Amino acid sequence: MSEIILKAENIVKSFFGNRVLDHVQIELQPGKVHALCGENGAGKSTLLKIITGLYTKDSGTIYMDGKEITVNSVADAKKYGIYVVPQEMQIFWNLSVAENIFLNDIPMTRLGIMDWKRLYKNAEQIKAKLGQAAAKINVRAKAGSLSMGAWQMIEIMRAVAAENVRVLAFDEPTSSLSESEVEVLFDLIRQLRDRGIAIVYVSHKLKEIFAICDQVSVFRDGRYIGTRDIENTSSNELVSMMIGRNLNLFDGVKREKHIGEELLRAENYSHGNAYRNVSLQVRSGEILGLYGLVGAGRTELIRGIFGLDKIDSGKLFVKGKQVKIKNPQDAIRCGIGLVPEDRRGEGLMLNASLKWNLSMANLAAVVDKLGNIHKKKENAYVNRGMEIFSVKSTGPNQKASALSGGNQQKIVMAKWVLADCDVLIVDEPTRGVDVGAKAEMYQAMSDLTAQGKAVIMVSSELPEILGICDRIMVMCEGQVTAQLKNEDLTEEDVIRYAFSA
Amino acid sequence: MKTGKKLKPRRRLTSDQRQYIIVVVVAVLIYAFFSIKSPYFLRWRNIVAILVAAAPLGLVTIAECSLLTCGEWDMSCGNVASVAGIVWGLLTISGMNVWLALAIALCVGVVSGSIIGLLVSYCNMTAWMASYGVLMILQTFIYVLTDGLAFSMSKYSDFKILGQLKLFGTDLTLPILIMAVLFVAMFFVMKFTRFGRAMFMVGGNREAAINAGINVPLIKITNFILSGVLSALAGCMFVSRSGAVQPFVGGQWAMQAIASSIVGGCSLGGGKSNLGMAFVGVLIMSGLSNGLNMIGVSPFYQYMVTGLALFIAVLIQSERRK
């Protein structure tokens, strides 16, 4: 076929002994948009970061025009004409668009004084190169006053300004854009493609991949699965390439099911663009799985239910009675607990002892009549908490920051088990914890349901959703796309809904 | 469909511009109020007096405004100024050439600024802690060098040039000229040089600045040294004008300068500053103190009035901060 600009082979990358890329490969052709596709954690973003110099590879080779090259930094990559529009955009909000484009290459007069006239003129030239799509941007405006779409445009303009750009990579470019901005972006990508630039497009949104890409490479669990031309594939084929694992971990977590009365019902929850008209209910003895891709609005929804974020509309019923939840205190009073996604940032007081961490969600249980902390009561309470899980620690007085991720998660979970809440919401409970701790989490959740409580588990890991949930609710782009009973479901059944808006 | 509504530039005044206009209006109102209350307030001689009194604070404000641009600040300015004034006075009394002594006094600022800059850049210390530590250490120097007592410099006529030299046969004195030149120079640096651009980048988005190849420690240390030198110069200017070395001249200069900068639109978070407006902030401070004296408000109450005036100046700007 046609020539190849950039080729990467046998790329291997590990983080802390955890292999995230296992001998993967990619070939880029000029004038083609190449999608990297896969589930969360499949390795697509990592590969992109290696090509563009943000990460360094452990082993493997990268070729440019057939010659081997070394890319150890972003500067190296730029030297070879490889640019990236990162997810975290590098924008100086306090500078004008023109200054943001040129950064360190601002034109100077012979006296070493900044030449503002030439700066704006050059910026206008870059803008003209992008044509219609960029026409609305005022190069004199402060970047801080513009939208995310405009920021992305600035990143693209930086690459175009460099003139040597041959490969331009986009990392999840639409995650923060409005629909009309996506249109503008696609126009731009097509235009850059027609100029012979090789475009890399990382995304897990199949719709976009079919709209804009020419080729697609699929990754799964850090491995390269295959590459297809977009005309010769279907979303069904891509989905089945993206999944396929075994479920052994859950064989141990068998439980008797006694599904009882309804404990929590949320009706028509809406909040801006994050989620719209979402309803859910969960019964005593039940584990409800909330599946979706990153950005589907799951975390936002449960934050709304728990009173952490304001909601636009929605009613909440606890045990059939309507309640108003304005803040987490209200939620806790109603018997709702939340194990947040970011346990270090939101779930723990890292500098405090395990003791304090365990008792903080239910101080009422450890105080005397005057409201002072009762040492004996607290010790007894905490000791109960330490026994729920086998926490590896030197004792209740150890600092939370000294524990491993899995053990920290056990503490956060134990805090709520102790607080005796009726409905426990857990957000990505097993992210970054080891297999043993995972199994304990699953066991703890099923123990809770055996006591007649309910669990809502947000997770991006299909195996665990299918492994322990009774019912599965799938969200996509802020809406519920499916309510499924977990009987004879396959991963494909569920993932299909996660991709369809 | 090629919409791009959000990308459209705003035709109206930007919120920054509105804020700057408000600051100027506040300053004009304050000056108008005092000129109604006292016919002498807007006389030429009094305006010169306001400017002369403003000069030391003006220099420290240049320093703080630059540091705030990089997202840092310096609490030690007042004591650096005091120690520099003391060192200059003592060396002059010991028989050293006045100008050589002045150069050595300014080195106090170089040393203190370097220490703060190094601690902030390489020891990961906050500017608050590093500069407060330096402030405390200098406090000891002040006591040890002076026993806490003022001493007169009236015998040394050269000593008074820096603070009192009259220019072009007018009432304008050297401090006013120095302040004006430094404000213009720093304004130029921030607006038209690579260094100034780097300051805004460091304060606006530190990570992105590093990625863009900016030497962040160099920018910060340079600004801390600049802050030290300007403070030292401000202190020397003050003792020269008063003809006597007082141990605690610097007092609250650092706080006043930060306040002036914020009234002038600087952000404590860094990346946003406007030296011109900071100068208006200095004029507000200096005009208030002069005017309150003139209409006979007791010094005890002047602090309270100044505090309230600061609240008002910042509050009416802050509608934009939602």
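Note that the coordinates shown come from a computational prediction; the quantities given were computed from them, not determined experimentally. Labels below follow one simple rule: chain letters A, B, ... track the order of the sequence lines, proteins then strands, and each chain is numbered from 1.
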### Message
Counting only heavy atoms not in A:Met349 (residues, nucleotides, ligands), do more than 12 fall under 6.0 Å from its CE?
### Response
yes
### Task
For residues B:Asn205 and A:Ile91, report the shortest heavy-atom separation together with the two atoms involved.
ND2-O, 2.9 Å
### Task
Answer yes or no: are there more than 12 heavy-atom neighbours, outside A:Phe186 itself, under 6.0 Å from its atom CZ?
yes
### Task
Answer yes or no: are there more than 12 heavy-atom neighbours, outside A:Lys127 itself, under 6.0 Å from its atom NZ?
yes
### Task
Please check if the side chain of A:Trp93 supplies one atom and the backbone of B:Gly271 the other of a donor-acceptor pair under 3.5 Å.
no
#### Entry: Inter-residue atom distance A:Ile113.CD1 - B:Lys191.NZ, 0.5 Å rounding
13.5 Å
### Heavy-atom proximity to chain A below 4.5 Å, by part of B:Ala209
both
### Heavy atoms of other groups near A:Asn327 CG, more than 12 under 6.0 Å
yes
### Task
Flag yes if more than 12 heavy atoms outside B:Asn124 fall under 6.0 Å of its CG atom; otherwise flag no.
no
### Query
Got a second to check how far B:Phe188's CZ is from A:Met114's CE, nearest 0.5 Å?
10.0 Å
#### Entry: Inter-residue atom distance A:Thr109.OG1 - B:Phe192.CZ, 0.5 Å rounding
10.0 Å
### Task
For A:Lys310, look at atom NZ and say whether over 12 heavy atoms of other residues, nucleotides or ligands are found less than 6.0 Å away.
no
### Query
What closest approach, in Å, do A:Leu103 and B:Ala212 show between heavy atoms, and which atom pair accounts for it?
CD1-CB, 4.0 Å
### Query
Pick from A:Val97, A:Val74, A:Ile106: which one has the most heavy-atom pairs with chain B under 4.5 Å?
A:Ile106
